[in-house]
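Only one structure is covered here, and it is reproduced in the block below.
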Amino acid sequence: MPLQRVHFAEEVPEVFRASLQAIRRELEVPADFPAEVVEAALAAAANPRLPELDRTDLEFVTIDPPDSMDLDQALYIERAGDGYTVYYAIADVAAFVQPGDPIDVEARKRGETLYAPDKRTPLHPPELSEGAASLLPDEVRPALLWTIAVDATGEGTDVSCKRALVKSRAKLNYAGVQRDLDAGTASESLQLLREVGKLRERRELERGGVNLPIPDQEIIAANGDWTLEFRAPLPVEGWNAQISLLTGMGAAHLMMYGEIGILRTLPESHDDLRRKLENTAKALGIGWPVGTSYAAFIHGLDPKVPAHAAMLAACTVLFRGAGYTSFSGGVPDQPEHAAMKSEYAHVTAPLRRLVDRWTGEICVALCADAEVPQWIRESLDEIPKIMDECDRKAHAYERSIVSMVEAGLVADHLGSSFDGVITDVDERDPTRGIVALTTLAIEGRVTGSAALPLGQPVRVKLVEADIAKRTIAFALVS
């Protein structure tokens, strides 16, 4: 689950450019691809491994942000009696990348695509990720074709995965699809996406699962001042995400049955985490009735409401501690992803996430009753380590960018006072903690002359806001 993404409505302001470069140096974010990797990508693009099965008859479409070119997923849904058949085509990166080749070696160093307001640092060379391997419209592409039977309640009842040629009919974006759905002019497949998506959301709530509709943060400069606005995700974004989750759960089922794979796992949350989130809710003026579960509380939040958007951003802590668990010749003792309340695997973003190439290959082999490739078995324990490390880097990258922007938002207000609520207190030094501002979706360090009143409204003064250091600090006033 990604953290919220910060982007700028227009060109990145000069005040942030040097800090962005410094962040990339500190975290050793890769630069351009080496020449030999680009050469290998061009050669692979000209000579991919193509499957015999042709399913270009299926009227796939992709749904992504308008500027996306690395299109991993294409969708087509049709009715099947009182249920549905979901066809989900996933870019077949292994058709272009061979184990041990320059592209593979570089991808294992990078792990995943990294995002910043001013640039994207891709996992694979653009010649593949935005070209030959991307499910671009009107292009025949090799893909992993997932076929999932879904019953009338939204429950997946059967799943298979095999290689096939596919062709997307259109590159759609979320806003356009939402307009067509609202106007009643969307295709039957997209109308069924809404039906299946809503059914899956209902089943998610019933099993106690959590899927955060995290808003984007958009920084807008106007009249020499900075403001922070949230862009709430559209309903279709949630329905589309449900298809990805459905596929990931189906993949996990296949791998558990075959006793080999890599799962995305997360232990259950502890009481201290709930306390912190309840304090954040209180800071933002959001009621959390006693006895209400995480899932029920989060499902009741509206990302279009600024305070709720900030609460959803804070709830990303529910996903901290998530990792990857590989297994072979048995199943893990703890295979579940606690936020999903289900076994789950990453399989739907191989252009942007390394592990998805491994899980996709495993599922194709299992569905064909074939041996899992030896190169997969040999590297099965290596991939979770790579992914855990690159996840840490990705989260540090986004956290640094968020902190930089938040410092920029209040940098001209040193000495000003703000209303807030203490959301956390240092157990070793109760005069130190974290304050969440009431009027801005910002948290910062706070110190007082006595023990901080956890969960209580306070008045704090801004004493530090350093863009270069990406720090914000407050002092308790009252």
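Nothing fancy with the numbering, it's 1 onward along the sequence.
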As a quick check of understanding, evaluate side-chain contact (heavy atoms from CB on, under 4.5 Å) for Gln73 and Trp146, giving each step before the final call. CA-CA 10 Å; Gln73 309 137 2; Trp146 290 85; over 6 Å; no
Given side-chain contact (heavy atoms from CB on, under 4.5 Å), test Tyr115 with Tyr397 step by step and report yes or no. CA-CA 8 Å; Tyr115 297 90; Tyr397 194 39; 5.9 Å; no
Begin with the C-alpha distance, continue with both residues' side-chain angles, and end with the deciding distance and a verdict on side-chain contact (heavy atoms from CB on, under 4.5 Å) for His124 and Phe96. CA-CA 11 Å; His124 300 104; Phe96 300 88; over 6 Å; no
Going through the checks in order, is the side-chain contact (heavy atoms from CB on, under 4.5 Å) test met by Val210 and Glu204? CA-CA 7 Å; Val210 174; Glu204 179 179 76; over 6 Å; no
Would Glu130 and Arg120 count as a salt bridge (Lys or Arg N to Asp or Glu O under 4.0 Å) if you check the C-alpha gap in whole Å, the side-chain angles of each, and the deciding distance to 0.1 Å? CA-CA 12 Å; Glu130 299 181 8; Arg120 181 170 56 237; 2.6 Å; yes
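In this structure Glu389 satisfies the side chain to side chain contact (heavy atoms under 4.5 Å, CB included) test together with Arg392, sequence neighbours excluded.
The distance between the ring centers of Tyr324 and His346 falls below 6.0 angstrom.
Note that CZ of Arg357 is 10.5 Å distant from CG of Asp92, once rounded to the nearest 0.5 Å. Taking CD1 of Ile63 as the reference point, atom CG of Asn173 lies at 9.5 Å (rounded to 0.5 Å).
In terms of heavy-atom proximity, Thr113 sits nearest to Pro122 at OG1-CA, 3.6 Å. Nearest heavy-atom pair, Pro332 versus Leu263, reported as atom, atom and distance to 0.1 Å: CG-CD1, 4.2 Å.
Counting only residues at least two apart or on different chains, the salt bridge (charged side-chain N to carboxylate O under 4.0 Å, His left out) pairs with a member in residues 345-355 are Asp72-Arg352, Arg353-Asp356. Sorted by first and then second residue, the salt bridge (charged side-chain N to carboxylate O under 4.0 Å, His left out) pairs with a member in residues 190-201 read Arg79-Glu195; sequence neighbours excluded.
At distances below 3.5 Å, not a single donor-acceptor pair connects side-chain atoms of Glu464 with backbone N or O atoms of Ile472. In this structure, the side chain of Ser293 engages the main chain of Ala296 through a donor-acceptor pair within 3.5 Å. With hydrogens and angles ignored, the 3.5 Å screen pairs a side-chain donor or acceptor of Gln334 with a backbone N or O of Glu336. A donor-acceptor contact shorter than 3.5 Å links the side chain of Ser400 to the backbone of Ala396. Between the side chain of Arg24 and the backbone N or O of Ala31, no donor-acceptor pair lies under 3.5 Å.
Taking the six-membered ring where tryptophan is involved, the planes of Phe297 and Trp288 are essentially parallel, since the angle between them stays under 30° and well short of 60°.
Residues Leu312 and Ile298 meet the side-chain proximity criterion, which asks for heavy atoms closer than 4.5 Å.
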